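Counting starts at 1 for both ligands and their atoms, following the listed order. What you see is a predicted model, and the numbers here were worked out from it, not measured in a lab. Just so it is clear, the values below take in all heavy atoms, side chains as well, and ignore hydrogens, waters and symmetry mates. When a residue number appears, it is its place in the shown sequence, counting from 1.
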Amino acid sequence: MATNRTFTMIKPDAVQDNHIGGILSMIEAGGFRIVALKKVQLTPERAGQFYEVHKERPFYQDLVKYMSSGPIVAAILEKDNAVADFRTLIGATNPANAEEGTIRKKYAKSIEANAVHGSDSDENAQIEGDFYFPANEQF
Ligand code: CMP
């Protein structure tokens with residue numbers, strides 16, 4: 001059953017290029033509510049943990065290096081049918097295949113530096129959100 005939350009990261013290239021505001025605007029205009037938000041820089045160890053499902057893929061080492069190369073913005077988003085609708089809003093992983101009007105069409109530079117991450121399932125949305133926003137976090 002579709003839940004109403006997904007998780008996203010604005011990746012280092014888009015943060016570096018000053019696109020945090022532009023991307024968050026597209027997210028809000030797309031009908032999503034930002035329920036949690038933070039800007040952090042991952043260590044290579046933490047980036048490796050986040051992308052552990054891709055450990056055996058040939059691009060894993062480069063992905064870990066890239067994702068720890070500068071700050072990212074992590075967010076939990078809310079909307080009916082959030083996971084599927086957000087994947088539609090961001091467009092294809094490879095920006096060469098991303099449709100007009102999507103976040104990746106506008107901001108992505110390459111399959112690696114593709115501006116944003118979006119969870120691929122309700123289960124992963126929960127796991128990825130918890131990774132950045134643990135329930136016991138204190139301020
Ligand atoms: P993301 O949705 O964050 O999930 C895994 C990431 O690996 C993906 O976006 C891409 O940025 C990155 N990646 C790098 N190379 C590839 C590739 N050849 N195929 C799929 N993903 C890739």
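Closest to atom 4 (O) of ligand 1, if we only count protein heavy atoms, is Tyr51 CE2, 3.6 Å. Nearest non-hydrogen protein atom to atom 21 (N) of ligand 1 is Phe59 CZ, 3.6 Å. Ranking protein heavy atoms by distance to atom 2 (O) of ligand 1, first place goes to His117 ND1, 3.3 Å.
Ligand 1 lies less than 4.0 angstrom from a heavy atom belonging to Lys11. Taking 4.0 Å as the cut-off, Arg104 counts as a neighbour of ligand 1 on heavy-atom distance.
Against a heavy-atom cut-off of under 4.0 Å, Glu112 is close to the following atoms of ligand 1: 11 (O). For ligand 1, the atoms sitting less than 4.0 Å from at least one non-hydrogen atom of Ile111 are 10 (C), 11 (O), 12 (C), 13 (N), 15 (N), 16 (C), 17 (C), 18 (N), 19 (N), numbered in the order shown with element in parentheses. Atoms of ligand 1 lying under 4.0 Å from at least one heavy atom of Asn114, given by number and element, are 9 (O), 10 (C), 11 (O). Applying the 4.0 Å criterion to heavy atoms of His54 picks out, from ligand 1, the atoms 4 (O), 5 (C).
The only member of Asn114, Asp17, Asp13 that meets side-chain hydrogen bond (donor to acceptor under 3.5 Å, both in side chains) when paired with Lys109 is Asp17.
Shortest non-hydrogen contact noted between Glu99 and Thr102 is O-OG1, 2.6 Å.
Taking CD1 of Ile10 as the start and OH of Tyr107 as the end, the distance is 9.5 Å to the nearest 0.5 Å. Rounded to the nearest 0.5 angstrom, Arg33 CZ and Leu77 CG are separated by 11.5 Å. In this structure, CD in Glu112 is found 9.5 Å from CZ in Phe59, a value given to the nearest 0.5 Å.
Distances from atom 12 (C) of ligand 1 to the heavy atoms of Asp120, Thr93, Leu63 put Leu63 nearest.
For Phe7 and Phe86, the ring centers are positioned 6.0 Å apart or more.
Judged purely by distance below 3.5 Å, without hydrogens or angles, the side chains of Asn4 and Lys79 never pair a donor atom with an acceptor atom.
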